[in-house]
Amino acid sequence: MTTGPDEVLDCLGQRCPLPVIALARRLPDLPVGAVLRVLADDPAAAVDIPAWCRMRGQEFVAAGDGPGYDVRRTR
């Protein structure tokens, strides 16, 4: 059984770099281990969000079927 994200951040309609900025602002407010789903339909988000996770030491969990990207806070 899979569970959904702990929180959803709606960035639909926003262009790069706004979804990544919103992710960077929101993730520190969540507890370590929490998963934040970023809804973003800008094609650049598919590259930018995983790259941000690598640079910041956070875990990129998965890209969803739709315009969603799951990020787990690791520290």
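Source: prediction; values computed, not measured.
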Query raised in the report: Should Y69 and L30 be regarded as members of a common hydrophobic cluster, given that ILVMFWY residues are connected when their side-chain heavy atoms come within less than 4.5 Å of each other, either directly or indirectly?
Result: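 As far as the 4.5 Å side-chain criterion goes, L30 and Y69 are connected within one cluster.
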Query raised in the report: Does L39 belong to the same Ile/Leu/Val/Met/Phe/Trp/Tyr cluster as F60, with side-chain heavy atoms less than 4.5 Å apart forming each link?
Result: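 Hydrophobic grouping puts L39 apart from F60.
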Report summary line: Correct closest heavy-atom pair for A45 and P50 would be O-CD, 3.7 Å
Requested in this report: Taking all non-hydrogen atoms of both residues into account, name the closest pair between R72 and Q58 and its distance.
Outcome: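 The answer is O-OE1, 3.6 Å.
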Enumerate the side-chain hydrogen bond (donor to acceptor under 3.5 Å, both in side chains) contacts for [range], please, sequence neighbours excluded, ordered by first and then second residue.
{"range": "residues 41-56", "answer": "none"}
{"range": "residues 4-23", "answer": "E7-R26"}
{"range": "residues 30-40", "answer": "R37-D70"}

Query - Separation of L23 CG from R73 CZ (nearest 0.5 Å) - result: 11.5 Å
Query raised in the report: Among V20, L12, I49, which residue meets the side chain to side chain contact (heavy atoms under 4.5 Å, CB included) test with V38?
Result: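 Going through V20, L12, I49 one by one, the side chain to side chain contact (heavy atoms under 4.5 Å, CB included) with V38 is satisfied by I49 alone.
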